[in-house]
Amino acid sequence: MDEEPERAKRWEGGYERTWEVLKEDESGSLKATVEEILFQSKRKRVIESHGQVRLGMVSVSMEDHDLKPNRLTSTLKVDSAAQPSRCTPVGIITTKNKRAEKLTDLAGNPKKHIAALKKAVDTVCVGEPSLYNSLNLAIQTLKHMPGHTSREILIILSSLTTCDPANIYELIKTLKSLKVRVSVIGLSAEVRVCTVLTRETGGSYHVILDECHFKELLMLHVKPPPASSSSECSLIRMGFPQHTVASPTDQDAKPSFSMAHLDSSSGPGLSLGGYFCPQCHAKYTELPVECKVCGLTLVLAPHLARSFHHLFPLQAFIEGPVEELQEDRFCQACQGELKDKSIFTCPTCRGVFCVECDLFIHDSLHCCPCCIHSQSAP
Amino acid sequence: MASEDEINLLVIVVDVNPIWWGQQAQREPEFTLSKCLDAVMVMGNAHMAMTRTNKLAVIASHCQDSHFLYPSKSWRGGDSGAEDASSSGDGKYELLSIANNLIAEEIRNVMSKSEGNSTDTLLAGSLAKALCCILSIKTVYIGRDTKSRLLVIKAAEDCALQYMNFMNVIFAAQKQNILIDACVLDSDSGLLQQACDITGGLYLKIPQKLALAQYLLWVFLPDSEQRSQLVLPPPAHVDYRAACFCHRNLIEVGYVCSVCLSIFCNFSPICTTCETAFKIQLPQMVKPKKKKLKQST
């Protein structure tokens with residue numbers, strides 16, 4: 001590889017760290033390290049991106065590659081990642097034994113994906129993954145998305161090889177023309193074809209160092225990337241259904257099927273209440289969903305509100321030493337004493353906060369507790 | 001039953017909008033702010049008396065600011081308030097009498113010093129401070145199980161400007177598994193209904209304000225585990241329809257700008273919020289097929 005020295009350093013750095021944890025056998029091959037990993041915990045996650053900042057709605061399809069029988073996938077730390085915006089449809093594709101198959105279709109509700117992933121944990125990993133086949137399958141789904149969406153594919157690859165039936169560089173050209181952004185998180189080592197893939201399509205390629213790093217990288221992908229000006233902006237027609245709750249004693253209440261359950265054999269059948277599509281009165285029990293009958297996207301106002309904080313991001317607070325503070329050393333948010341070395345000041349209202357409050361404000365709250373007391377705040 | 005080590009934190013946010021309470025004192029002299037705070041103190045004492053590990057915090061939400069009534073700034077660990085607490089002599093648990101005295105003193109300070117002339121309640125700020133307080137207590141007791149919930153006692157009306165901040169606070173609470181309960185004295189609040197629905201709390205509009213203490217003890221004192229065994233007031237019907245940005249009407253079908261997510265009731269070629277021009281989908285032009293001339297033999 002003839003990249004800059006920094007990249008080579010990062011690649012080696014990844015290996016140095018894993019050797020601290022795992023043992024290397026005489027030949028120095030990685031097969032031994034892979035077998036060690038078998039007994040450690042592994043993770044798989046569903047990611048949803050928000051549709052924001054000149055993005056509109058984002059579609060993400062995630063591909064998961066399984067290595068030879070040794071590396072299994074398990075524990076989902078989905079809840080933390082799945083809580084944010086539900087505006088994004090996510091689909092999951094798995095690949096093994098040189099084939100690719102769709103695990104779940106593009107859908108906005110994380111529950112289905114979580115359930116499917118939990119089931120997939122028990123499947124046996126066989127054979128080699130196929131990058132070409134999985135990308136092909138993803139393209140077929142994303143091709144039909146409207147122009148204002150940003151299409152992304154996130155690949156979690158733990159294998160070092162791929163078995164492709166055709167030239168993958170042709171596929172990369174197709175991806176580029178469809179404006180699909182592909183990002184890769186490598187679990188083992190840097191693979192040249194992935195580097196080319198991400199460079200050409202404008203995505204990012206990372207190789208993890210350890211589990212915490214993996215979590216951080218996944219969270220990075222949850223944030224929506226700024227959209228290029230070439231993506232189209234349009235007005236999307238959406239429906240905001242009312243939730244009707246009917247009790248069995250109500251005379252007019254009629255039990256009905258939910259449209260979402262027509263395809264699946266499991267799940268509840270008849271139910272009394274639900275969300276009725278304003279256009280065609282088809283019933284659904286969970287939102288957001290695209291109405292199967294009339295094609296209208298149904299959302300609730302909070303679903304859109306979840307993504308607002310990306311449009312109006314909170315400024316970073318100014319860090320300063322605690323000695324600078326003349327008066328009482330109390331954090332204005334939690335009323336606790338300021339024991340740490342540094343304090344954080346909001347540039348707008350000059351409120352002083354401690355380290356934990358600052359972290360909480362920027363990660364979850366997205367608004368300064370003192371600024372929102374002034375009525376003119378947005 | 002909850003284990004001995006579990007910490008149950010209850011944060012009560014009381015709306016002390018002076019204009020509403022002033023009008024209330026004229027309308028109904030039997031139920032004033034002091035009576036309301038008496039009920040809050042009864043609720044707080046009951047909560048702290050249930051288990052040794054229960055903790056309480058009370059925040060007063062004023063027009064432009066929110067103040068912590070209890071614990072005051074000198075509190076950390078709960079024992080430092082003992083120096084100036086004259087023992088009441090009636091055998092009352094000291095923690096409860098300290099709490100009551102502190103609340104009474106602080107509310108006097110708040111009402112005499114703070115100024116404000118708006119008729120709306122800025123609840124979002126108080127809730128944000130409450131969440132930060134809960135988080136800081138969680139980090140103090142980091143090894144132990146902590147469960148927290150928020151009880152909002154609302155008097156005045158909603159302020160429409162704080163919709164977005166309010167939603168941010170609600171989602172942050174939902175992420176941290178913090179319930180938001182609402183006890184509404186006067187007019188229904190759509191924001192609080194949404195908050196209770198999203199976080200899984202209870203919303204109740206009190207039919208008789210005089211019985212505030214009874215409602216607080218009956219409905220809001222049990223924590224989330226015990227609520228499944230009680231028959232509590234049914235959930236309110238929440239209106240989740242969005243309001244369009246141009247007329248502020250509630251709409252069932254609308255157009256959403258893909259750039260800034262603003263909602264409109266009618267199609268317009270330019271978004272008024274972010275001023276992007278939209279690409280209008282024109283029907284495809286079908287070229288008439290050239291008819292092949294028949295070859296005449």
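A, B, ... follow the sequence lines: proteins, then strands. Residue 1 opens every chain.
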- Could you pull out the closest heavy-atom pair between A/Pro369 and B/Lys129, with the gap in Å?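 Minimum heavy-atom separation between A/Pro369 and B/Lys129: CB-CG, 4.2 Å.
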- For the student: nearest non-hydrogen atoms of B/Ala172 and A/Ser364, plus distance: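 Closest heavy-atom pair between B/Ala172 and A/Ser364: CB-O, 3.8 Å.
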- Message: With chain B as the partner, which of A/Gln242, A/His366, A/Gln279 has the greatest number of non-hydrogen pairs under 4.5 Å?
- Response: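 Going by pairs under 4.5 Å, I would pick A/Gln242.
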Measuring from atom [atom1] of [X] to atom [atom2] of [Y], what distance do you get when rounded to the nearest 0.5 angstrom?
X: A/Cys277; Y: B/Glu252; atom1: SG; atom2: CD; value: 9.5 Å
X: B/Cys132; Y: A/Leu365; atom1: SG; atom2: CG; value: 6.0 Å
X: B/Lys138; Y: A/Phe360; atom1: NZ; atom2: CZ; value: 9.0 Å

- Using non-hydrogen atoms and a 4.5 Å limit, figure out which bit of B/Leu131 sits close to chain A: side chain, backbone, both or neither.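 It is both, since atoms from each part get that close.
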- Message: Given heavy-atom pairs under 4.5 angstrom as the criterion, report whether the side chain, backbone, both or neither of B/Ser66 touches chain A.
- Response: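 Backbone plus side chain of B/Ser66, per the 4.5 Å heavy-atom cut-off to chain A.
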- Using the test side chain to side chain contact (heavy atoms under 4.5 Å, CB included), find all partners of A/Glu356 that sit at least two apart in sequence or belong to another chain.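 Partners of A/Glu356 by the side chain to side chain contact (heavy atoms under 4.5 Å, CB included) criterion, ordered by chain and then number, come out as A/Cys354, B/Thr139.
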- Is there side-chain contact between B/Ile263 and A/Phe240, with at least one heavy-atom pair below 4.5 Å?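 Yes, close enough: below the 4.5 Å cut-off.
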- Task: Using a 4.5 Å cut-off on heavy atoms from C-beta on, say whether the side chain of B/Val253 contacts that of A/Met238.
- Result: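 A side-chain contact under 4.5 Å is absent here.
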- Message: Atom CD of residue position B/Glu157 - does it have more than 12 heavy atoms of other residues, nucleotides or ligands inside 6.0 Å?
- Response: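 Open: at most 12 neighbouring heavy atoms sit under 6.0 Å from CD of B/Glu157.
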- Query: What pairs with B/His67 under ring-ring contact (aromatic ring centres under 6.0 Å, His included), at least two apart in sequence or on another chain?
  - Reply: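 Counting only residues at least two positions away or on another chain, B/His67 forms no ring-ring contact (aromatic ring centres under 6.0 Å, His included).
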